[in-house]
Amino acid sequence: MYNNLIFENRDHILYITINRPKQLNALNKETISELNSCLQTEGNHRVIILTGSGEKAFVAGADIKEFADFSVEEGKKLALDGQIKLFNTIENLHIPVIAAVNGFALGGGLELALASHIRIASDNAMLGLPEVSLGVIPGYGGTQRLAHMVGRGKANEMIFTAKMISAKEALEWGLVNHVVPQEELLAKAESIAKQIIKNSGVAIEAAINAVNANYKDGVDGFNKEIEEFGKCFGTNDFKEGTDAFLNKRKPIFPGK
Ligand code: DAK
């Protein structure tokens, strides 16, 4: 069904693997477009785990061969299309996306991980934004999201030097939440996913909207939180969650 992706829905988790191992899973236009549709696949999944094929790379960046001869206008258009189709889509998805970073996460690859809600890395992962070494800047949200995540000083250093950092450094910088041996990476992502799945999906969607509001121009995050908080009281999940607590039983959330 897809040329560059493998996907599987198991136990309410949608696993999406970017599958261009010969190009270290570099993101070409087709892969971005396939990811856009795969991420929005309807189904009973409650969490998405996004990873790269093979043991070497999560995603080694945008496909350099594809943009090597771009004009100014083409560059702008690709950045805009990509940001809307993939990176903003992930960030604003109604369910959490966990990036399981299994090796190089460079340029567009790190930007993909940054747009995800949670990042876990294998101990061999190397992360960086090497764009200035190619004469461009990060164009898929990296200048914004990296600074939000690790602070402006560290983001500047990473972008200006184009140097990669190790998984261990990324953990120290708060760029990834956990670092585990490569063979345990998916299991770690799954254990977080399973923990998420126990909770109310509608409340998690509301939480995504409220947390993201802090990073949107002209939006008051506190007001958004109040609005989303209030909306929760009208949901069946809230009725079930509170009833289960009061009756000392485990909730079975209807998801609406
Ligand atoms: N694009 C295309 N092919 C890539 C690639 C990439 N980003 N990264 C690796 N490959 C390919 C290599 O060309 C090689 O292919 P063959 O020569 O075998 O055909 C194969 O993957 C294996 O790579 P290496 O032989 O280089 O493997 P090594 O272990 O020696 O090195 C490496 C691994 C990850 C250090 C190295 O491959 C590397 O430096 N890769 C490039 C990293 C990089 O600079 N990535 C791009 C970052 S810039 C834009 C928006 C966003 C962006 C650009 C434009 N617009 C809106 C226009 C974003 C740009 C970026 O992501």
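Note that the structure is predicted; figures quoted are calculated from it, not measured. Read the numbers this way: they start at 1 and go in the same order the structure lists the ligands and their atoms.
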Sequence neighbours left out, cut at 3.5 Å: what donor-acceptor pairs do the side chains of residues 124-134 make with other protein atoms?
residue, atom, partner, partner atom, Å
Asn124, OD1, Ser122, OG, 2.5
Asn124, ND2, Glu55, O, 3.1
Ser133, OG, Pro130, O, 2.5

Inset, instruction - Please identify each residue that fulfils side chain to side chain donor-acceptor pair (under 3.5 Å) with Thr143, with sequence neighbours left out. - result: none

Inset, instruction - Report the residues that fulfil salt bridge (charged side-chain N to carboxylate O under 4.0 Å, His left out) with Glu172, sequence neighbours left out, ordered by chain and then residue number. - result: Lys168

Inset, instruction - Flag the pair Leu27 / Asp63 as yes when at least one side-chain heavy-atom distance between them is below 4.5 Å, and no otherwise. - result: no

Legend entry - Pair Asn92-Lys216, side chain to side chain donor-acceptor pair (under 3.5 Å): steps then yes or no: CA-CA 11 Å; Asn92 297 312; Lys216 292 198 168 132; 2.9 Å; yes

Inset, instruction - Indicate, with yes or no, if the rings of Tyr15 and Phe7 have centres closer together than 6.0 Å. - result: no

Per-pair distances, ligand 1 N/O vs protein N/O, less than 3.5 Å:
residue, atom, partner, partner atom, Å
ligand 1, 1 (N), Ile64, N, 3.0
ligand 1, 7 (N), Ala60, O, 2.9
ligand 1, 7 (N), Ala62, O, 2.9
ligand 1, 21 (O), Lys22, O, 3.3
ligand 1, 27 (O), Lys56, NZ, 3.4
ligand 1, 29 (O), Lys56, NZ, 2.5
ligand 1, 45 (N), Ala60, O, 2.9
ligand 1, 61 (O), Ala62, N, 2.8
ligand 1, 61 (O), Gly108, N, 2.8

